[in-house]
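Data block below; observations after.
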Protein chains: 2
Amino acid sequence: MQTNSQFAVAIHILSLLACYPGEPLTSETIAGSVTTNPVVIRRILGSLRRAGLVTSQPGNGGGWKLTKEPGTISLRDAYTALQSGSCFALAPKPPNEKCLVGCSLQQILQDVFEETEAAMTAHLASLTIGDIVARL
Amino acid sequence: MQTNSQFAVAIHILSLLACYPGEPLTSETIAGSVTTNPVVIRRILGSLRRAGLVTSQPGNGGGWKLTKEPGTISLRDAYTALQSGSCFALAPKPPNEKCLVGCSLQQILQDVFEETEAAMTAHLASLTIGDIVARL
DNA sequence: CAATCCGTAACTGATTGGGTTACATATCGT
DNA sequence: ACGATATGTAACCCAATCAGTTACGGATTG
């Protein structure tokens, strides 16, 4: 499956910022650590900023900082900030309406996927950026 | 995120087979319910067969059947049968080795992703095809 | 006002996934 | 034995997606 790596990069970014508290890091500096292009970093940081996890400061001496203590930022916060969709997807075309099974299955699948993802994010909620940094 | 829909289709297939116990269904019949091409169905059924969840019979009057009772087939069985990879992915390029954070983060991320997916599949293990069919 | 950095649009190349065609192989009924 | 039927794959096409990149406008600092 082609899964995007935004979540992994987001955790990387947040951990990096947590390691340099107070000191704003530029997207270029972060990109140097992640080994990618600054724009890729800024795209992800944009999502994290919209979720209120980081702040940015343009101009000379600017950069990015965390808005909260690393211990109060859960991995679920980062995950939902990206809103890069679900792990699961329904079939591209809806099932045959003449089939009794397929007809009612849609809603059931949707519910199951939702529950399953909730189980996953519940685990993510139990881990914070502080925990990650502590493991380094 | 671009997620493949094989898991959804697999559940659809297994539920359908569960609804017609003993009676073999052809990939064409199943495709008619899912609204897709028979080959797409056969590809997924191939994975399910390799995992021992279904059997196939070629030739006239052939088709597909479950090998077990629907109540003994968990959604995790279907999920792992597809082995369509993880929900999460590491960044395409490894982090900068000169960065102390990025350097040790790789392994931590891998562990976290593994734990998180385990939490997810644990929930999938608690649901069976029998449960799905019962909800129809 | 010059240097720096964010913010975002636009484009590219590679990868992937669903859909499709085609064909070899196996089985059943007559 | 033979024709009909269905599986099992390989091969290909097209659309969508993602990481990466270039470009440029706007904000801030000194």
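Residue numbers start from 1 in every chain, and the chains themselves are labelled A, B, ... in the order their sequence lines are given, proteins ahead of strands. Bear in mind the structure is a predicted one, so any value in this text is a computation, not a measurement.
- In this structure, B:L25 atom CG and D:dT7 atom C1' are separated by 14 Å, rounded to whole Å.
- Atoms NZ (A:K65) and C1' (C:dC5) sit 15 Å apart, rounded to a whole Å.
- A:T67 contributes a side-chain N or O that, together with a main-chain N or O of A:L53, makes up a donor-acceptor pair within less than 3.5 Å.
- In this entry the distance linking CG of B:L90 with C1' of D:dA19 reads 15 Å, nearest Å.
- Atom-to-atom, CG of B:N4 to C1' of C:dT15 comes out at 14 Å; the value is rounded to the nearest Å.
- Proximity note for B:S5 (side chain, C-beta onward) versus C:dG18, C:dG7, C:dC5: the nearest is C:dG18.
- Note on B:G63: only backbone sugar-phosphate atoms sit closer than 4.0 angstrom, heavy atoms only; bases stay farther off.
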task: Sugar-phosphate means primed atoms, P, OP1 and OP2; the rest is base. With that split, encode nucleotides 24-30 of chain C 5' to 3' as B, S or - using protein heavy atoms under 4.0 Å.
output: --BBB--
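- For residues 35-45 of chain A, proximity to DNA chain D is found at A:T36, A:N37, A:V39, A:V40, A:R43, defined as any non-hydrogen atom under 4.0 angstrom from a strand atom.
- If you check every strand for non-hydrogen atoms under 4.0 Å, A:E28 touches nothing.
- Rounding to whole angstrom units, CZ of residue B:R49 and C1' of D:dA6 are separated by 13 Å.
- Remark: A:S27 is in phosphate contact with C:dC6, judged by side-chain N or O atoms under 4.0 Å from OP1 or OP2.
- Screening B:I13, B:I73, B:L48 against B:V54 for a side chain to side chain contact (heavy atoms under 4.5 Å, CB included) leaves a single residue, B:L48.
- Side chain to side chain, A:S84 and A:Q6 fail the donor-acceptor criterion of an N or O pair below 3.5 Å.
- Contact check, A:S56 against C:dG7: a side-chain N or O comes under 4.0 Å of OP1 or OP2.
- Between the B:T35 side chain and the A:N96 main chain, a donor and an acceptor come within less than 3.5 Å of each other.
- The aromatic rings of B:F88 and A:F7 sit tilted, their planes meeting at an angle between 30° and 60°.
- In this entry the distance linking NE2 of A:H12 with P of D:dA19 reads 15 Å, nearest Å.
- Within a 6.0 Å radius of CD in B:E28, other residues, nucleotides and ligands contribute 12 heavy atoms or fewer.
- Within 6.0 Å of CG in A:L136 there are more than 12 heavy atoms belonging to other residues, nucleotides or ligands.
- Within a 6.0 Å sphere centred on CD of B:E115, heavy atoms belonging to other residues, nucleotides or ligands number more than 12.
- Within the 3.5 Å criterion, the main-chain N or O of B:T29 finds no donor-acceptor partner in the side chain of B:S33.
- We find that CD1 of A:I30 is positioned 12 Å from C1' of C:dC5, with the value rounded to whole Å.
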